[in-house]
Amino acid sequence: MNIALVEDDVNAANIITEYTKKFNAQYGEGLKLTRFSDAESFLAGYRHSIYSIVFMDVDLPKINGLDAARQLRYADKSIVIIFVTKMAQYAQKGYEVNALDYILKPVSYADFCLKMKKAVNVARANKNRIVLVPSGSGFFRLSTDKIIFVEVMGHQLKYQLVDDVLEVRGTLSAVEKSLEGRGFLRCSNCYLVNSRLINSVNGYDVDVGGYVLKISHPRRRRFMEELMKIYSGGG
């Protein structure tokens with residue numbers, strides 16, 4: 001499991017690095033920590049790297065930790081964020097970027113261990129729900145739990161998320177293949193919907209996450225059969 005540490009304070013960075021080694025030895029984990037001294041270097045090549053967890057200092061030069069986390073969330077909806085700070089009131093703003101928790105400086109091993117255990121458990125739970133969405137020379141990481149539906153318009157795909165909208169180029173058939181076995185169903189040539197977020201089906205209308213979409217006549221029978229299979233535990 002790859003972990004990023006974004007910390008400009010050398011002493012704090014060394015402490016967290018040593019704590020990570022101690023945690024690995026104590027719990028038999030294989031956590032690999034990579035340190036960045038500023039948010040810019042971390043964000044610059046982020047789409048070409050995959051981290052499950054990031055420890056983010058709040059008080060960073062140029063781009064502070066909160067602003068960096070907001071930029072990070074644009075590319076990665078699933079990474080576990082833990083803020084590191086001297087002042088709890090700043091870290092408490094982490095709800096804005098769906099941060100898991102925060103650690104106060106000076107960091108104690110007991111606190112680090114507690115937060116790291118929680119982060120590792122969440123990251124592991126996320127692992128099987130992650131899908132990579134290609135975009136240009138990089139990709140976005142999304143949790144399937146947050147995808148309400150995917151819509152295609154020409155060669156443009158729109159991912160309607162619980163808390164955002166993502167638009168990239170691609171085909172719906174490729175998306176369908178990448179999400180195979182994860183509970184997503186085609187209700188028409190235009191829409192791929194998350195069956196776990198379906199509220200109701202009324203005739204040729206399906207309410208998924210509060211959005212009412214059309215089920216095409218040719219697809220309705222298969223759509224209902226696949227939906228019933230999922231609901232009965234067979235899909």
Side-chain angles (χ1 to χ4, degrees), residues 1-2 47 50-53 72-81 95 97-100 117-136 138-235:
M1 187 179 293
N2 294 319
R47 290 195 192 178
I50 296 179
Y51 297 97
S52 300
I53 301 167
L72 175 60
R73 274 287 177 247
Y74 177 70
D76 193 333
K77 305 293 183 185
S78 303
I79 188 171
V80 177
I81 299 174
Y95 71 89
V97 291
N98 195 28
L100 177 68
K117 282 182 181 179
K118 183 161 65 169
V120 168
N121 288 336
V122 172
R124 284 201 175 120
N126 285 343
K127 185 176 179 181
N128 293 330
R129 298 195 292 266
I130 299 300
V131 60
L132 299 183
V133 179
S135 175
F139 55 81
F140 293 93
R141 294 177 76 225
L142 300 179
S143 169
T144 54
D145 290 345
K146 292 196 171 186
I147 303 173
I148 300 175
F149 63 85
V150 185
E151 179 182 5
V152 66
M153 296 168 284
H155 295 291
Q156 195 76 7
L157 293 168
K158 182 179 84 170
Y159 286 76
Q160 180 62 58
L161 309 176
V162 171
D163 54 0
D164 204 354
V165 175
L166 173 64
E167 294 189 4
V168 296
R169 292 184 66 80
T171 65
L172 199 59
S173 58
V175 177
E176 185 175 22
K177 186 175 181 180
S178 71
L179 293 173
E180 188 175 358
R182 303 195 191 192
F184 284 79
L185 303 176
R186 284 279 284 268
C187 66
S188 72
N189 290 333
C190 299
Y191 295 107
L192 184 67
V193 303
N194 188 343
S195 65
R196 292 174 176 82
L197 298 180
I198 290 177
N199 297 318
S200 64
V201 177
N202 184 14
Y204 288 89
D205 292 334
V206 54
D207 180 331
V208 53
Y211 295 85
V212 179
L213 308 177
K214 288 294 182 182
I215 307 170
S216 68
H217 286 255
R219 287 187 178 271
R220 190 179 188 282
R221 180 176 177 179
R222 183 178 176 182
F223 176 81
M224 294 303 298
E225 288 174 350
E226 291 178 345
L227 185 60
M228 291 302 104
K229 185 178 179 182
I230 289 173
Y231 284 171
S232 64

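One-based numbering along the sequence shown. Every heavy atom of this structure was used, including side-chain atoms; hydrogens, water molecules and symmetry mates were not.
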- Message: Test of understanding: with ring pair (Phe, Tyr, Trp, His ring centres under 6.0 Å), list the residues that count as partners of F149, not counting sequence neighbours.
- Response: Y191, Y211

- Task: Verify side chain to side chain contact (heavy atoms under 4.5 Å, CB included) between I53 and I79, making sure each step is shown before the conclusion.
- Result: CA-CA 6 Å; I53 301 167; I79 188 171; 5.7 Å; no

- Note on the structure: The salt bridge (Lys or Arg N to Asp or Glu O under 4.0 Å) partners of D207 (sequence neighbours excluded) come to none

- Rounded distance (nearest 0.5 Å) linking atom CE of M224 with atom CD1 of I215: 6.5 Å

- Task: Give, for atom CE of M1 and atom CZ of R124, the distance between the pair rounded to the nearest 0.5 Å.
- Result: 5.0 Å

- Short question: side chain of R141, backbone of Y51 - any donor-acceptor pair under 3.5 Å? yes

- Are side-chain heavy atoms of L192 and L179 found at a separation under 4.5 Å? yes

- Under 6.0 Å from the CG atom of N202, do we count more than 12 heavy atoms belonging to anything else shown? no

- Query: Got E151 and V193 here, is their nearest side-chain heavy-atom distance under 4.5 Å?
  - Reply: no

- Sequence-distant partners of H155, ring pair (Phe, Tyr, Trp, His ring centres under 6.0 Å), two or more places apart: none

- Atom CZ in R196, atom CG in D145: separation rounded to 0.5 Å? 8.0 Å

- Is it the case that R129 and N126 place a side-chain donor and acceptor less than 3.5 Å from each other? yes

- Query: If we only count heavy atoms from C-beta on, is the L172 to R186 side-chain gap below 4.5 Å?
  - Reply: yes

- Residues V208, N199; criterion side chain to side chain contact (heavy atoms under 4.5 Å, CB included); working and verdict: CA-CA 6 Å; V208 53; N199 297 318; over 6 Å; no

- Item | Residue pair D205 / L213, side-chain heavy-atom distance below 4.5 Å | no

- Run the salt-bridge test on K158 and E167 with the 4.0 Å N-O cut-off and return the result as yes or no. no

- Before accepting this row, confirm whether a basic side-chain N of the pair K229/E225 lies closer than 4.0 Å to the acidic partner's carboxylate O. no

- Item | I81 and L72, any side-chain heavy atoms less than 4.5 Å apart | yes

- Query: Within a strict 4.5 Å, meaning less than it, do heavy atoms of the L142 and L166 side chains meet?
  - Reply: yes

- Message: Using the rule given for side chain to side chain contact (heavy atoms under 4.5 Å, CB included), can you reason through R182 versus V131, listing the C-alpha separation, both sets of side-chain angles and the distance that settles it, and then say yes or no?
- Response: CA-CA 10 Å; R182 303 195 191 192; V131 60; 4.0 Å; yes

- Query: Would you call V150 and L157 a side-chain contact if the rule is heavy atoms closer than 4.5 Å?
  - Reply: yes

- Message: Run the side chain to side chain contact (heavy atoms under 4.5 Å, CB included) test on F140 and V168 for me, step by step, so that the C-alpha distance in whole Å, both residues' side-chain angles and the decisive distance to 0.1 Å come before the verdict.
- Response: CA-CA 10 Å; F140 293 93; V168 296; 4.1 Å; yes

